[in-house]
Amino acid sequence: MKHDFINIEKKWQEKWEDAGIFHASEDHSKKKFYGLVEFPYPSGAGMHVGHIKAYSGLEVVSRKRRMQGYNVLFPIGFDAYGLPTENYAIKTNTHPRVVTDTNIANFTSQLKRVGFAFDWTRVVDTTEEGYYKWTQWIFRKMFDEGLVFRATTLVNYCPSCKVVLSNEDSQGGKCDICHSDIVQKSKDVWYLRITEYADKLLFGLDDVDYLPNVKLQQENWIGRSEGAFANFAIKGTDDSLRIYTTRPDTMFGVTFMVIAPEHPIIEKYAAQISNIDALNAYKEECAKKTEFERTQLVKDKTGVRIEGLTAINPANGKEIPIFISDYVMMGYGTGAIMAVPAHDERDYDFAKKFGIDIIEVIKGGNIEEAAYTGDGEMVNSEFLNGITTKKEAIAKMLEFLAGKGVGERGVQYKMKDWAFNRQRYWGEPIPIVHCPTCGMVGVPYEELPLRLPNMDQFEPGEGGESPLAKVESFVNCTCPKCGGAAKRETDTMPQWAGSSWYFLRYCDPHNENMLASKEALEYWLPVDWYNGGMEHVTRHMIYSRFWHHFLYDIGAVPTKEPYAKRTAQGLILGPDGDKMSKSKGNVVNPNDVVDEYGADVLRVYVLFMGEYGSATPWNDSSVRGVKRFLDRVAGLTDMAQGEGVTPKLESAFHKTVKKVSQDIEDMKFNTAIAAMMSLINDIYDAGTLTRDELGIFVRILCPFAPHICEEIWELLGHEGFASAAEWPAWDEAKTVDATVTYAVQVNGKLRATLDLPKDMDKDSAIAAAKQEPKVIQFTEGKTVGKEIFVPGKIINIVVK
RNA sequence: GCGGGUAUGGCGGAAUUGGUAGACGCGCUAGAUUCAGGUUCUAGUGAGGGUUCCUUCAUGAAGGUUCAAGUCCUUUUACCCGCACCA
């Protein structure tokens, strides 16, 4: 048979679609497998080979599961709200709905051309009313439960996109979407109280099977730290400065305090601060600094002493100065610290610069040279002196502080609450009404979805105002509570909203009464295996785990954790080894590969090119190598004859079935494919194989290259689809050869190889090895010491 | 700065977890087939030395443990990815 991929692939894609073999069954008595890939953002650029690699991994796993008899849910959808579409719509003066529909149609046809076994009856589109109704519903529930609040704060603002960004979206001081510099701006912000779920998100990681570095990144993101709060009295007032520290044991070493430039205490005592102008000047200077300047100047500490206010160290009653400095931030802890220059590098730098006392309280370092952050014996610390463990010192100090009523244990997180609103058109409207008498009122559930009004002009207002504010029929409404005139919230949700629960909708995508039926959720959840990019493990995954934990708490979902297992694929780099980008012109378009070589070649290549989890450059020549392999597979149809087994291929077949079966589970697709290539080399060497054997071969290859395998399966006279055929089994006994090749070493150096029966005992094997001429040559006239025998592997004779 | 990871032929990568380093693929060399080849087939292909066969060296670098190290330990270099003044 010739590998006529153009006709074969089209033919089988149509047959699969007609037969609906990839539709998940509603038969909830069968064992299930829910494989999830990150649904794409349907950009105008179309699909990227990276998408193909991302989906091919679980595609293979899911197809194998189906062949193993599982009821498989392997869905796809589109995360279609978002800025790129909106910006494109503005630029081309096309409605984002039209842009989105075009892009989704394009993605759909591209995905179908690759032959992915998605259940196309369950496609979700986050911009559809039937979907975003439930996104709004979840938000409303959070509003009811007090997890939504509004505050006026300094926010990360992108002057180019004209939109407020969460901390997650503005890492490194750059806008995640357009990479412009972020500025701080005072704004009304809707927050989701994700910090309330910090511990649940952290401890929930114990119950899931995520890649170790995925877990680590999430742990770091949540950033839990255990320490203590303490109050430092301000001399001559009833006030105190509350600090957070992880090192209460060092409190006798506190020689000054530092507070954030924005700390409210400054304003409160402005009248008695003699240098208030200098403080305000410093504060203004800090506000102007970009993120870049801040990070570049880490080592050069700046600050101003507050003249007129001093604090009292609660440990020893000593009076200490207070400074403001931008190395202390309002957003973490209490915005104030106790400074222990002897044992904290930042405090040390600051003390050196400002000539402040440095008092050693832990022995072990040289505080003339640098801060000492290690362990050691406590000194200069009154009741702590002599203690050598940090744990004991902390306990004693906390006891002391508690006795005085000025301190207690506490926990802090790096994670911040989630800034949830965007001043943009192409997003889910936030279902809240502002009533002059009732305040903020949720849009009644029965009025959901709150539809996004149709508009012609979607540019954000100059002051960063949402485009929806221009639609009077949308803005003006009546208060659901009192019936009086009210105004709707005009901001929309961030793109992360729709993607925070899409995997739930797949379980029951057409349900009009709830986000998904209880039965469907109980059957399908949790997602058995979720694969996606490393770039989504902190933001998307943390957000969606948060929503899921919340839904669990209100009884809307049956599992605490949404994803049982999480893996990640590595990037595909350009042929030049650089990250693919339009500007570098090194982007590979999957369509071109399908046109030239076929979908099967593309699929096999992206899995064969390297270790699935690492970044690998694209290589056109290697693609042709995969083409050659599949052409040779097609050629097997001319060779296959008869039934049963070919003796000299039998063990190779069992070994390959075993290797492919196991490697798929470990996502070692490259070695699985290599094993099949090896087998085909063996078959061509043998020059023969049976039709039964060819049937086995196409079934293990089917998840990787399904089109060609279906064609051969049909040619072999089978009814039904290879994709629905049974996954081949292997016989462990037949994976072991009757004889094994031993490496025979003298003093650890290979001197000969020897084929011996697999069960031969140590003495006979060593005796056989000693007959080898090469062994005799190297042992002659020497004293034999140890004789090492590793069954099935090695014989090593040690001589002197 | 802190945390994590990686380093193997000309290239992408294998290596049963301490047991014949370089599977598989690309590329390259030679030969055959073909009107032609970015076709197909056969053989070879880590490096050096003697040339049917041997032999020495070789997994970023330097030490160590072991009968045996790509794999374990110590030191070190380079690169990649997170986080970044987190108190």
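Chain naming here is simple, since letters A, B, ... match the order of the sequence lines and numbering starts at 1 in each.
Rounded to whole Å, the distance from CG on A/Asp347 to P on B/G1 is 19 Å. Distance CD1 (A/Ile259) to P (B/A87): 19 Å, rounded to an integer number of Å. Put simply, CG on A/Leu571 is 16 Å from P on B/G12, counting in whole angstrom units. At whole-Å resolution of the value, CG in A/Leu754 and P in B/U20 are 15 Å apart. Taking atom CE of residue A/Met534 and atom C1' of nucleotide B/U6, one finds them 14 Å apart after rounding to whole Å. Residue A/Arg628 contributes atom CZ, which lies 15 Å from atom C1' of B/U42 at whole-angstrom precision.
Taking the ring centre of A/Tyr210 as origin, the terminal cationic atom of A/Arg566 falls outside the region bounded by 6.0 Å and 45° from the ring axis.
The residue A/Val798 sits close only to the backbone: its heavy atoms come under 4.0 Å of sugar-phosphate atoms, none of a base. Here A/Phe778 lies in heavy-atom contact (under 4.0 Å) with sugar-phosphate atoms only. Residue-level contact check: A/Asn796 touches the bases, meaning some heavy atom is under 4.0 Å from a base atom. Across all strands, A/Lys668 comes closer than 4.0 Å only to sugar-phosphate atoms, never to a base (heavy-atom distances). The residue A/Lys774 sits close only to the backbone: its heavy atoms come under 4.0 Å of sugar-phosphate atoms, none of a base. Within the nucleic acid shown, A/Arg751 comes within 4.0 Å of sugar-phosphate atoms alone, with no base atom in reach, counting heavy atoms only. If you check every strand for non-hydrogen atoms under 4.0 Å, A/Ser614 touches nothing. Using a 4.0 Å heavy-atom criterion, one finds that A/Ala615 contacts the sugar-phosphate atoms exclusively.
Phosphate contact (OP1/OP2 of B/G25, side-chain N/O of A/Asn681, threshold under 4.0 Å): present. For B/C86, one of the phosphate oxygens OP1 or OP2 lies less than 4.0 angstrom from a side-chain nitrogen or oxygen of A/Arg346. In this structure, A/Tyr244 does not reach the B/A87 phosphate: none of its side-chain N or O atoms is under 4.0 Å from OP1 or OP2.
A distance-only check finds a donor-acceptor pair linking the side chain of A/Asp638 to the backbone of A/Met1 [under 3.5 Å].
Here B/G70 is in the anti range [glycosidic angle more than 90° from 0]. Base orientation of B/U17: syn (glycosidic angle within 90° of 0).
Between A/Gly748 and A/Thr616, the one whose closest nucleotide on RNA chain B sits nearer the 5' end is A/Thr616. With the nearest nucleotide of RNA chain B identified for both A/Tyr612 and A/Asp620, A/Tyr612 has the one nearer the 5' end.
Of the candidate nucleotides B/C57, B/G4, B/C24, B/G4 has the atom lying nearest to any side-chain atom of A/Leu216. Nearest to the side chain of A/Met677, among B/C85, B/U16, B/C24, sits B/C24. Minimum atom distance to the side chain of A/Ser621 is reached by B/G27, of the listed B/G12, B/A14, B/G27. For A/Thr671, taking side-chain heavy atoms from C-beta onward, the closest of the listed nucleotides B/G25, B/U20, B/A14 is B/A14.
With salt bridges taken as basic N to acidic carboxylate O contacts below 4.0 Å, none links A/Glu772 and A/Lys770. A salt bridge between A/Lys53 and A/Glu611 is absent, with no side-chain N of the basic residue lying under 4.0 Å from a carboxylate O of the acidic one.
Inter-residue side-chain proximity for A/Phe704 and A/Leu607 is flagged as met; some heavy-atom pair is nearer than 4.5 Å.
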